[in-house]
Amino acid sequence: MTIHSDHPKKTYLKALKSGMDSPFALWSERATGFFLGPFFCVTYHSGWEWNRRITNEKNTALGIVRNEGEGCKVSFVNIKGLLAPHYLLLLWVLLASSMIISSQDPSLHPMLLLLSIPFTLVIAAVSALFESLTERSDEGQRELISILWDPVKLFSHRFET
């Protein structure tokens, strides 16, 4: 998806960074992210609702901000669930380390590291599939787009449900 902003690239990225919440504010509705130059990874966490079966849906935008005339152009892809790179890495480390710890034969460790990759991808894909089927995930996607639309005035372009 592509968004065109009237704000210069530097202003846009600064506003986007300042709008991020603490990643340690668990169980609450929040937006977190990390930035590397013009690249960004912003995740909108829908928050926990105890009366719903699937909770804390995550929508992640992986993208880049480029200068375009007086403003900037924001290009990103939306990723749901555990398919975001930081969740994939964490899931792989946890799965690989548990497989290695439970192994009795050290010569199997390299094979277990490689074997844990497809297991990680399957688990992440299933989580993304289940999360994409929920109404809360669609709401989260709209909120994420709202954050990226104009981070200088957060939620100024809220989409109606």
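Quick caveat, the model's predicted, so the values are computed rather than measured. Sequential numbering from 1 along the given sequence is applied to the chain's residues.
By the rule that hydrophobic residues join a cluster once side-chain heavy atoms approach within less than 4.5 Å of another member, Leu95 and Leu108 end up as members of one cluster. In this structure, Leu88 is not a member of the same hydrophobic cluster as Val122, with clusters built from ILVMFWY side-chain heavy atoms closer than 4.5 Å. By the criterion of side-chain heavy atoms lying less than 4.5 angstrom apart, applied directly or through intervening Ile, Leu, Val, Met, Phe, Trp or Tyr residues, Val65 is grouped together with Ile145 in one hydrophobic cluster. In this structure, Ile100 is a member of the same hydrophobic cluster as Leu115, with clusters built from ILVMFWY side-chain heavy atoms closer than 4.5 Å. Two different hydrophobic clusters hold Phe35 and Leu89 under the rule that ILVMFWY side chains link at heavy-atom gaps under 4.5 Å.
Here the closest non-hydrogen pair linking Leu13 and Gly37 is CD1-O, 3.8 Å. Residue Tyr87 comes nearest to Gly81 through the heavy atom pair CD1-O, 4.0 Å, listed as atom of the first residue, atom of the second, then distance. In this structure, Lys73 and Ser75 approach most closely via the heavy-atom pair CE-OG, 3.7 Å. The two residues Glu57 and Glu131 make their nearest non-hydrogen contact at CA-OE1, 3.5 Å. Between Leu113 and Ala96, the closest heavy-atom pair is CD2-CB, 3.8 Å. For the residue pair Asp21 and Thr32, the shortest heavy atom distance occurs at O-CG2, 3.8 Å.
Here CD1 of Ile117 is found 7.5 Å from CG of Leu121. Values are rounded to the nearest 0.5 Å. The structure places CH2 of Trp149 at 13.0 Å from CG of Leu144, a figure rounded to the nearest 0.5 Å. For the atom pair Asp6 CG and Glu70 CD, the distance stands at 10.0 Å (nearest 0.5 Å). Separating the CH2 atom in Trp92 from the CD1 atom in Ile123 is a distance of 14.0 Å, to the nearest 0.5 Å. Rounding to the nearest 0.5 Å places CG of Leu82 at 9.0 Å from CG of Leu90. Atom NZ of Lys14 sits about 13.5 Å away from atom NE2 of His7, to the nearest 0.5 Å.
The shortest distance between side-chain heavy atoms of Val77 and Met1 does not fall below 4.5 Å. With a 4.5 Å cut-off on side-chain heavy atoms, Phe34 and Met20 do not count as touching. Tyr12 is not listed as a side-chain neighbour of Asp150, based on a closest heavy-atom distance of 4.5 Å or more. Residues Val42 and Leu16 have side chains in contact (heavy-atom distance under 4.5 Å, counting atoms from C-beta outward). Between Pro38 and Arg66 there is no side-chain heavy-atom pair separated by less than 4.5 Å.
Side-chain atoms of Ser97 come within 3.5 Å of backbone atoms of Val93 as a donor-acceptor pair (strictly under, hydrogens ignored). For the pair Ser98 (side chain) and Leu94 (backbone), a donor-acceptor distance under 3.5 Å is present.
No side-chain donor-acceptor contact under 3.5 Å links His45 and Asn59. Inspection of the Lys80 and Ser137 side chains reveals an N or O donor paired with an N or O acceptor under 3.5 Å. Remark: the Ser107 side chain and the Asp105 side chain contain an N/O donor-acceptor pair separated by less than 3.5 Å.
A salt bridge links Glu139 to Arg136: at least one charged side-chain nitrogen sits closer than 4.0 Å to a carboxylate oxygen.
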- Message: What verdict does the side-chain contact (heavy atoms from CB on, under 4.5 Å) test give for Leu62 and Phe76, after you've listed the backbone C-alpha separation in whole Å, the side-chain angles of each residue and the deciding distance to 0.1 Å?
- Response: CA-CA 5 Å; Leu62 288 174; Phe76 66 94; 6.0 Å; no

- Task: Would you check, one step at a time, whether the test side-chain contact (heavy atoms from CB on, under 4.5 Å) holds for His86 with Cys41?
- Result: CA-CA 9 Å; His86 50 291; Cys41 179; 3.6 Å; yes

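Counted within 6.0 Å of CZ on Phe39, heavy atoms from surrounding residues, nucleotides or ligands total 12 or fewer; the atom is thus considered open. More than 12 heavy-atom neighbours from other residues, nucleotides or ligands sit within 6.0 angstrom of NZ on Lys17.
In this structure, His109 has no side-chain hydrogen bond (donor to acceptor under 3.5 Å, both in side chains) partners at least two apart in sequence or on a different chain.
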